[in-house]
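The structure under discussion appears below in the form of structure tokens.
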Amino acid sequence: MPKAHPDFKNLVEFDHPLIQHKMSWIRDEATGHRSFRGLLAQIAGLMVFEVTRSFPVSPVKVRTPLEVTEARRLSANITVVPILRSGLGMIEGILYVMPEARVGHLGIARDHDTLEPVAYLNKLPKDLAAGPVLLVDPMLATGGSASSAISMLREAGAKDLRMICLVAAPEGVKRLLKDHPDVMVYTAALDRALTDKGYITPGLGDAGDRMYGTG
Ligand code: URA
């Protein structure tokens, strides 16, 4: 089971060999967009398996072909919210292991004049308080979009909020946990730093461009 990071109480960094193996391929600049998309979905699916460990379950009676037995089913309405565009690449893998989850969408861009992040798309289920909400974006860079996204999810009613990313920069984790100290952040890698252009190093480049072949 992954442990909290020593530098950040609310950060969990995954060291599972299968996740680290796939991270080595997704970081590789020689990996093309088709493989990149597959790896992104697979890593997200593997991460969600651990992230959901504390989700509530309720007992149910189930009739097997042999007898009635007691089993357990997820008892909350789970919502996954990708930040467009690259968060979309994590959805397929998450829905593969958790097909009952609902999917909300947030598109966030920086306003040219104020430089503040603004939502150009906000389509969320109405009762976000009904269960855990997983915000997904492969890259947690400056933390600006993620922090705004979490504020929007809170305004929409979300109570139990978690963020899943593949690569996080220390600057982004610091900003996010300063703005939202109760959120749990899960990452497959806490990288070294941000460049002055806002790229994570060593990182994996522009996740949206690499997954859609638009670079
Ligand atoms: N977004 C990306 O896609 N890559 C980075 O390195 C930082 C932000």
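Ligands are counted one by one from 1 in listed order, and the atoms in each one are counted from 1 as well. In this text, all values refer to a predicted model and were calculated from it rather than measured experimentally.
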- request: Please confirm whether Gly198 comes under 4.0 Å of ligand 1, counting heavy atoms of the residue only.
  value: yes
- prompt: Looking only at heavy atoms, which two atoms of Arg27 and Pro202 are closest? And how far apart?
  reply: NH1-CG, 3.8 Å
field: Identity and separation of the nearest protein heavy atom to atom 6 (O) of ligand 1
entry: Ile200 N, 2.8 Å
- prompt: When you check the gap from the basic side-chain N to the acidic O, do Glu171 and Lys174 get nearer than 4.0 Å?
  reply: no
- prompt: What are the atoms of ligand 1, with element, lying closer than 4.0 Å to any heavy atom of Gly205?
  reply: 2 (C), 3 (O), 4 (N), 5 (C), 6 (O)
- request: Could you tell me whether Asp206 and Arg210 make a salt bridge, using a distance below 4.0 angstrom between a side-chain N and a carboxylate O?
  value: no
- prompt: Is the Phe8 ring parallel, tilted or perpendicular to the His5 ring (thresholds 30°, 60°)?
  reply: tilted
field: Contacting atoms of ligand 1, where contact means under 4.0 angstrom from a heavy atom of Ala141
entry: 7 (C), 8 (C)
message: Minimum heavy-atom separation for Ala189 and Met23, please, with both atom names.
response: CB-CE, 4.1 Å
field: ligand 1 versus Ala207: contacting region, heavy-atom distance under 4.0 Å
entry: both
